[in-house]
Peer 1: 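Got a structure here, written out as structure tokens. Questions coming.
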Amino acid sequence: MAMVNIKINGQPHEVEAGTSILKAAKAFQVNIPTLCYHPDLEPWAACGLCVVKVENSPKMVRACATEVVDGQNYITHDPEIMEIRKTVVELIQSNHPNECLTCARNGSCEFQDISADFCIREAPYCEMLKDLPKDESTPSIVLDPRKCINCGRCVQVCQQLQDVWALEFIDRGYGTVMQPAAGALLNESPCIKCGQCSAHCPVGAIYEKDETEELLAAIRDESKHVAIQVAPAVRVAIGEAFGLEPGVLLTGKIYAALRMLGADAVFDTNFAADLTIMEEGTELVHRLTSKDGGPLPQITSCCPAWTDFMEKYYPDMIPHFSTAKSPMMMQGAVTKTYYAEKAEIDPKDIYSVAIMPCTAKKYEIGRDDNMHASGYNDMDLVITTRELARLIKRAGIDFLNLKDEEADNPIGVYSGAGTIFGVTGGVMEAALRTAYKLVTDEELGDVNIQAVRGMDGVRSGEVPVGDTNLRVAVAHGMANVRQLMDEVREARDTGKEPPYHFIEVMACKGGCIGGGGQPYNTDEEVRQKRAAGIYNDDEKSTVRCSYQNPSIIKIYDDYLGEPLSARSHELLHTRYHARPLYQK
Amino acid sequence: MAIKNYCLVCGGSGCAAGKADDIYHGLLTAADACGIGNDVQIVKTGCFGLCEKGPIVKVLPEEAFYVEVKPEDAETIVNEHLLKGRIVDSLLYREKGADKTDLSEIKFYQKQMRLVLRNCGVIDPEEINEYIARQGYAALEKVLFELTPEEVLEELKVSGLRGRGGAGFPTWLKWKFTADVDSAEKFIVCNADEGDPGAYMDRSTLEGDPHSILEAMTIAAKTVGADHGVIYIRAEYPLAIKRLEIALKQAREFGLLGDDILGSGFSFDIEIRLGAGAFVCGEETALLASTEGNRGMPIPKPPFPAVKGLFDKPTVINNVETYANIPLIIIKGGAWFNAIGTEKSPGTKVFALTGKIENSGLVEVPMGTTLREIIFDVGGGIRDGKEFKAVQTGGPSGGVITKDYLDTPIDFDHLTAIGSMMGSGGMIVMDEDDCIVDITKFYMEFCVDESCGKCAPCRIGTKRMHQILDKITTGKATLEDLQKLKDIGLATQKASLCGLGQTAANPVLSTMKYFEEEYLEHIRDGKCRAGKCKDLVSYTIDAEKCIGCTVCARKCPVPCISGERKMPHVIDQDQCIKCGACFDVCKFGAVIVA
Amino acid sequence: MAKMTLETLRKLREEQKEVIERRDSGDKSIHIIVGMGTCGIAAGAKEALNVFLGEAYTRKMDNVVVKQTGCMGLCYAEPTVEVKMEGMPDTLYGNVDAAVARKIVNLHLLGGKLVNDHVFDYPARDINKE
Ligand SMILES: Cc1cc2nc3c(=O)[nH]c(=O)nc-3n(C[C@H](O)[C@H](O)[C@H](O)COP(=O)(O)O)c2cc1C
Ligand code: SF4
Ligand code: SF4
Ligand code: SF4
Ligand code: SF4
Ligand code: SF4
Ligand code: FES
Ligand code: FES
């Protein structure tokens with residue numbers, strides 16, 4: 001890597017060529033304020049807060065979007081620069097409602113933090129707000145364009161990272177507003193509810209639909225048996241809301257906190273992840289071995305944003321989709337059937353709640369009739385990691401000092417394969433562990449399948465399973481999917497051998513650990529650490545493969561029979577339908 | 001019976017002030033007196049563009065150019081020149097410093113010099129043969145068959161040509177950047193978006209001489225190794241678009257565009273893209289985004305388009321006027337071009353002269369010409385004999401220039417040094433009737449409307465500045481607001497992403513500097529000296545002067561003027577809408593604006 | 001027009017130069033060149049053009065060639081019309097409305113006289129002739 005010599009505020013430094021001034025400064029303990037820049041995205045360079053001086057040049061440049069040039073001296077802070085930045089902050093304030101106390105981002109807002117630093121005690125410019133209504137049309141996220149500071153992150157996320165193009169800027173100048181495409185309501189737009197926009201928004205202009213009140217109401221209701229499940233990715237991220245590093249495993253404390261909140265039963269979505277593997281793994285083996293098992297490749301379907309995307313953009317791929325429901329939905333279905341039977345509770349009294357890293361899960365519970373396989377709503381409520389963290393604080397729980405607890409039986413125990421569902425490549429790896437057994441009837445020697453791990457947007461490779469080399473591919477971040485789908489389509493249309501046998505897709509970058517409902521300030525480093533936490537959970541599990549999970553063995557013995565049985569089909573599988581991009 | 005001499009007497013207002021009318025009649029009388037009334041024709045003409053040396057009389061066919069003619073000279077001209085055929089040496093125009101005048105030199109009196117506009121108004125733009133006859137495509141011949149790309153770049157470098165789209169970047173360097181990138185695909189783009197209010201230099205060039213642009217773009221393509229060109233032109237220029245389309249068709253038919261141009265083996269073609277007319281789409285990165293079919297929003301530079309432009313490919317993007325210079329430079333040589341204009345800004349510049357100017361229009365002058373020469377000589381001075389107040393160069397991005405700086409030679413660097421800029425060449429002249437705050441508000445309103453809305457300092461800053469200017473013009477501002485204007489001005493200048501925001505505050509900052517007193521008058525005294533800010537003026541009738549003619553009462557649209565015939569009239573202040581009709585019609589100066 | 005080579009282009013240029021030179025000297029035709037830029041058209045250049053065409057037709061003046069050109073820059077004096085004919089100096093007229101156009105035909109073309117108050121000076125010398 002070529003290095004260049006620069007100065008930051010007169011101090012000489014050597015940095016890699018191609019580094020932005022922003023990153024170079026940060027490497028040498030100088031923080032330049034930013035409001036529109038996000039490390040996941042190409043610099044959009046909109047806010048103007050990060051401007052710095054280049055010695056001997058009359059112009060100021062944007063630190064976020066400007067690469068260092070050999071020999072230059074960058075002045076990042078002086079009274080004039082700070083004055084200019086302050087004016088910019090004041091200008092943005094003048095176009096932003098002063099409503100922190102009732103705002104979804106109160107306490108986690110980047111603009112609030114910056115405003116605090118700049119000590120603006122009086123608003124110099126008369127306030128002029130956009131007079132625009134909230135968009136609460138989706139079950140997942142709320143758009144509040146009044147609070148939008150036009151940083152451009154959500155638009156870039158939705159268009160570039162997710163390739164959905166549900167959001168755009170309309171109009172220009174002072175009237176520029178972030179809006180669902182074509183002026184539709186978000187729910188009528190191509191939006192897949194991934195919530196990545198809400199996770200990247202610096203302010204309270206896009207946020208998850210908060211449903212903690214619904215949970216409290218259910219807990220309050222004596223007649224309700226509140227059963228709460230916890231998704232894998234939540235446990236390695238929630239600590240961040242309490243000041244911990246990303247990746248610290250807090251499974252036991254989450255169980256304990258949920259009980260303190262008033263949960264009647266605490267389950268783990270990881271159990272159902274194991275169940276999903278049994279069904280989906282068996283389905284894969286069928287497709288591989290039997291003519292009428294369905295077309296190859298088989299494509300995972302546990303991500304509801306991805307299934308929504310596929311139904312809108314790739315409906316011709318429906319036959320490739322695994323019919324297995326997502327772990328959350330399977331857990332919901334067995335909670336109100338198998339568990340209800342075991343615990344002798346009338347399923348109509350069960351209120352089933354999931355703690356998820358995901359906003360799309362709020363949509364998934366009502367996406368289709370199959371979501372009532374138990375005869376009731378299989379799932380009643382989804383709460384994101386961010387909502388849970390707030391609720392724990394509100395309930396006065398000293399979270400970090402809680403004693404670890406265990407989940408409840410019989411649907412609370414999980415294998416390492418279940419937990420890695422939370423990270424990109426995890427479903428693939430978990431499925432391969434079980435498929436190997438199903439195909440070869442042998443135990444896998446090394447269960448760590450490194451070939452499918454990592455953070456590259458698209459990964460593919462071959463994994464030997466018995467006589468066949470299984471061709472597999474993994475994609476995460478919706479924009480990375482097109483490449484794979486187009487390969488599959490082309491092979492199909494030209495009558496060629498399918499390029500893959502099995503494809504895993506997750507809508508969010510990094511998989512669910514990078515979900516749209518996770519704590520704020522997620523970037524590549526945070527995702528890496530959360531992923532490490534997940535693999536750590538897997539490593540320390542005594543049982544590493546789904547088929548070895550004793551609770552799984554038991555549910556098949558006692559209730560379901562075998563994977564893909566009639567009862568499994570009824571409870572654990574679903575259908576997909578083409579959906580229009582725009583609904584009106 | 002044939003006329004022997006035509007005698008042209010300037011009838012422009014500058015010369016009229018110098019009694020040109022008397023000269024005209026003097027000539028007529030003298031000619032009749034000596035019996036040559038039928039051999040000569042004496043006519044009045046439009047301004048010669050040398051008002052400083054007026055009154056002017058020109059005698060044809062000798063082209064004798066008499067300056068500073070006095071009424072008493074009329075007889076001399078008739079007796080000597082018209083009667084005896086002896087040119088009156090003492091009245092002839094002399095170049096500064098020259099003591100003897102050679103008639104052949106007299107033609108050089110003009111301040112204008114038409115390089116860019118060399119064919120405009122001369123050839124039929126829809127007829128490629130006329131272009132070819134006037135050296136058209138001769139430069140392309142040279143570039144295709146005689147010069148190497150390096151030699152073309154060298155010629156451009158020697159010429160010192162700088163971009164005419166505003167920034168003044170050396171054109172050869174831009175081309176070299178693109179030439180140096182190794183890429184299978186490269187583009188040549190012509191920026192014909194021209195959105196400054198009052199500017200139409202590029203439109204006229206394209207309408208009058210479209211082939212020169214096609215030729216220049218082809219030269220650029222050969223030099224940097226591009227095979228595709230785009231002319232981005234605003235859809236509001238239908239005539240220019242039509243002429244370009246005709247020119248493209250003819251050039252293709254003649255084999256001057258398309259495959260294997262003139263049998264050289266080099267291929268290049270050009271397409272037209274229509275812009276929707278957003279000012280910001282003239283900014284090069286926004287223009288490229290718009291050409292790609294995306295929202296026309298600027299992106300940060302670097303990387304510059306020269307390296308990563310249209311569809312991420314290396315792209316030369318130049319302004320219409322920049323291109324129009326290229327064929328001449330190739331034919332006549334870089335050194336020839338470099339000798340015109342000033343050392344750091346060689347060549348000429350086309351300006352669209354508008355506002356309170358006698359002769360509004362397109363003028364092309366060598367760089368280094370002073371503002372005074374442009375306004376008072378070429379432009380014929382201020383309309384209706386009013387007082388010059390300021391001139392705005394660079395359109396909404398420029399600053400105002402006051403009387404004190406009229407002798408500044410115009411080039412990129414001098415204009416920047418006095419707080420304005422060259423911009424694309426709009427030049428708007430203001431007189432004493434213009435309110436400087438009101439004008440500034442007008443420019444700010446333009447920026448508010450044209451901001452693309454991407455970046456906060458420009459999007460919000462221009463709006464807030466406009467609000468404050470509005471407060472000032474309606475008498476609601478405080479002195480604190482002036483400080484706020486300065487603060488926002490600085491922030492938008494330094495923290496905006498593209499040139500629009502970076503320069504939007506220039507009119508504010510420069511008028512506040514040069515006309516601070518006028519701002520203070522508005523705020524402190526609630527007065528608008530130009531009477532433009534309606535909220536700050538009132539119309540009253542001086543009872544002493546009013547003779548009760550009733551004209552104003554009849555003209556008042558409200559009506560709110562009352563009074564008996566032959567008695568002083570009164571304006572009802574509560575009803576008056578400050579239209580000024582009364583002021584305009586009162587012949588007795590009885591209406592007072594305050 | 002077939003696609004040209006270097007040689008045919010050069011030949012064409014020489015031919016066209018001759019055409020223009022013939023026009024400039026000794027040509028018996030009368031050339032009326034109307035400024036048809038956006039500003040000219042907006043100011044009424046089309047009406048002037050129509051008058052010239054109509055007068056030439058009704059008066060059977062076969063030697064009149066009416067042509068268009070781009071903007072000369074004298075926007076304050078649009079429409080502009082240039083008249084070139086033998087025995088008269090090349091003349092640039094400004095503010096040529098239909099009435100003035102008729103005067104130009106009557107006085108200048110037929111009477112050998114300039115039209116008062118409408119003559120304008122050329123804005124600059126011709127660099128191509130240098
Ligand atoms: C807001 C804005 C508007 C602009 N509009 C134009 C325009 O209308 N025409 C133009 O040639 N350049 C315009 N420019 C300048 C272009 O960005 C660019 O510098 C120019 O096209 C480069 O060509 P040149 O080197 O030949 O000047 C504009 C710049 C800004 C910031
Ligand atoms: S978005 Fe941030 S600054 Fe705005 S009201 Fe909410 S918390 Fe406050
Ligand atoms: S939730 Fe996802 S798809 Fe919907 S608008 Fe946000 S980023 Fe786009
Ligand atoms: S909604 Fe949020 S992320 Fe989107 S542009 Fe507005 S402030 Fe930025
Ligand atoms: S400065 Fe203005 S026009 Fe330029 S990018 Fe920013 S908002 Fe858009
Ligand atoms: S011109 Fe004015 S003052 Fe005179 S009568 Fe009319 S309104 Fe009155
Ligand atoms: S952080 Fe650089 S412009 Fe916003
Ligand atoms: S008025 Fe006579 S030269 Fe301008």
Side-chain angles (χ1 to χ4, degrees), chain B residues 2-3 6 8 11 41 43-49 58 60-61 107-108 110 112-115 117-126 129-130 132-138 141 144-145 200 203-204 207-209 237 239-240 250 253-256 262-264 328 358-364, chain C residues 1-10 12-21 33 35-41 67-78 80 82 87-89 91-95 111-130:
Chain B
I3 302 273
Y6 298 93
L8 313 179
Q41 191 192 3
V43 295
K44 277 202 269 181
T45 70
C47 169
F48 278 94
K58 186 173 176 181
L60 300 177
K107 284 190 190 166
F108 292 67
Q110 288 114 324
Q112 292 208 49
M113 182 173 197
R114 302 212 144 194
L115 308 188
L117 303 174
R118 61 191 176 277
N119 288 328
C120 291
V122 178
I123 62 167
D124 181 344
E126 297 182 12
N129 283 327
E130 294 204 10
I132 289 175
R134 288 173 60 87
Q135 293 293 304
Y137 291 105
E141 271 180 40
L144 288 180
F145 298 102
Y200 55 95
R203 186 192 73 202
S204 287
E207 283 173 4
D209 194 14
Y237 282 180
L239 186 62
Q250 290 175 342
E253 277 170 10
F254 276 58
L256 294 162
L262 292 178
S264 66
L328 272 187
E358 191 63 38
N359 307 330
S360 57
L362 273 198
V363 305
E364 180 174 358
Chain C
M1 180 79 204
K3 288 205 173 180
M4 294 192 297
T5 61
L6 180 58
E7 287 67 39
T8 48
L9 173 61
R10 286 186 172 157
L12 177 71
R13 182 173 300 113
E14 289 315 314
E15 283 167 21
Q16 292 297 328
K17 264 189 190 152
E18 271 171 38
V19 170
I20 289 190
E21 271 159 22
I33 304 158
M36 297 277 277
T38 295
C39 44
I41 292 172
K67 305 179 50 176
Q68 64 167 348
T69 189
C71 164
M72 235 180 243
L74 303 177
C75 308
Y76 63 104
E78 290 292 346
T80 55
E82 191 183 1
M88 294 282 286
T91 311
L92 181 62
Y93 286 110
N95 299 318
K113 289 194 159 188
L114 302 179
V115 178
N116 202 2
D117 283 332
H118 287 277
V119 177
F120 281 78
D121 192 36
Y122 286 88
R125 66 204 145 110
D126 185 352
I127 133 128
N128 271 57
K129 287 202 181 140
E130 246 179 67

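Nothing here was measured: the structure is a model prediction, and the numbers come from that model. Naming convention: chains lettered A, B, ... in sequence-line order (proteins, then strands); numbering from 1 in each chain.
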Peer 1: If you take all heavy atoms of Pro125(B) and Gln68(C), which pair is closest and at what distance?
Peer 2: CD-O, 4.0 Å
Peer 1: Contact part of Ala240(B) toward chain C, heavy-atom cut-off under 4.5 Å: side chain, backbone, both or neither?
Peer 2: neither
Peer 1: Looking only at side chains, do Tyr237(B) and Glu207(B) share a donor and an acceptor under 3.5 Å apart?
Peer 2: no
Peer 1: Identify the heavy atoms of Phe254(B) and Leu12(C) that sit nearest to each other, and give their distance.
Peer 2: CE2-CD2, 3.5 Å
Peer 1: Tell me, for Phe145(B) versus chain C, whether the close heavy atoms (under 4.5 Å) come from the side chain, the backbone, both or neither.
Peer 2: side chain
Peer 1: Can you tell which part of Glu358(B) gets under 4.5 Å to a heavy atom of chain C, answering side chain, backbone, both or neither?
Peer 2: backbone
Peer 1: What closest approach, in Å, do Gly94(C) and Phe120(C) show between heavy atoms, and which atom pair accounts for it?
Peer 2: N-CD1, 3.3 Å
Peer 1: Quick one: does any side-chain atom of Arg134(B) pair with a main-chain N or O of Arg118(B) as donor and acceptor, under 3.5 Å?
Peer 2: yes
Peer 1: Counting only non-hydrogen atoms closer than 4.5 Å, does Leu144(B) touch chain C with its backbone (N, CA, C, O), its side chain (CB onward), both, or neither?
Peer 2: neither
Peer 1: Quick one: which of Pro61(B), Ser204(B), Gly255(B), Gly208(B) has the most heavy-atom pairs under 4.5 Å with chain C, could you say?
Peer 2: Gly255(B)
Peer 1: Please name all residues satisfying salt bridge (Lys or Arg N to Asp or Glu O under 4.0 Å) with Glu141(B), sequence neighbours left out, ordered by chain then number.
Peer 2: Arg10(C), Arg13(C)
Peer 1: Using non-hydrogen atoms and a 4.5 Å limit, figure out which bit of Ile41(C) sits close to chain B: side chain, backbone, both or neither.
Peer 2: side chain
Peer 1: So what's closer than 4.5 Å to chain C heavy atoms on Ile123(B): side chain, backbone, both or neither?
Peer 2: backbone
Peer 1: Could you tell me which portion of Glu15(C) (side chain, backbone, both or neither) has an atom closer than 4.5 angstrom to a non-hydrogen atom of chain B?
Peer 2: neither
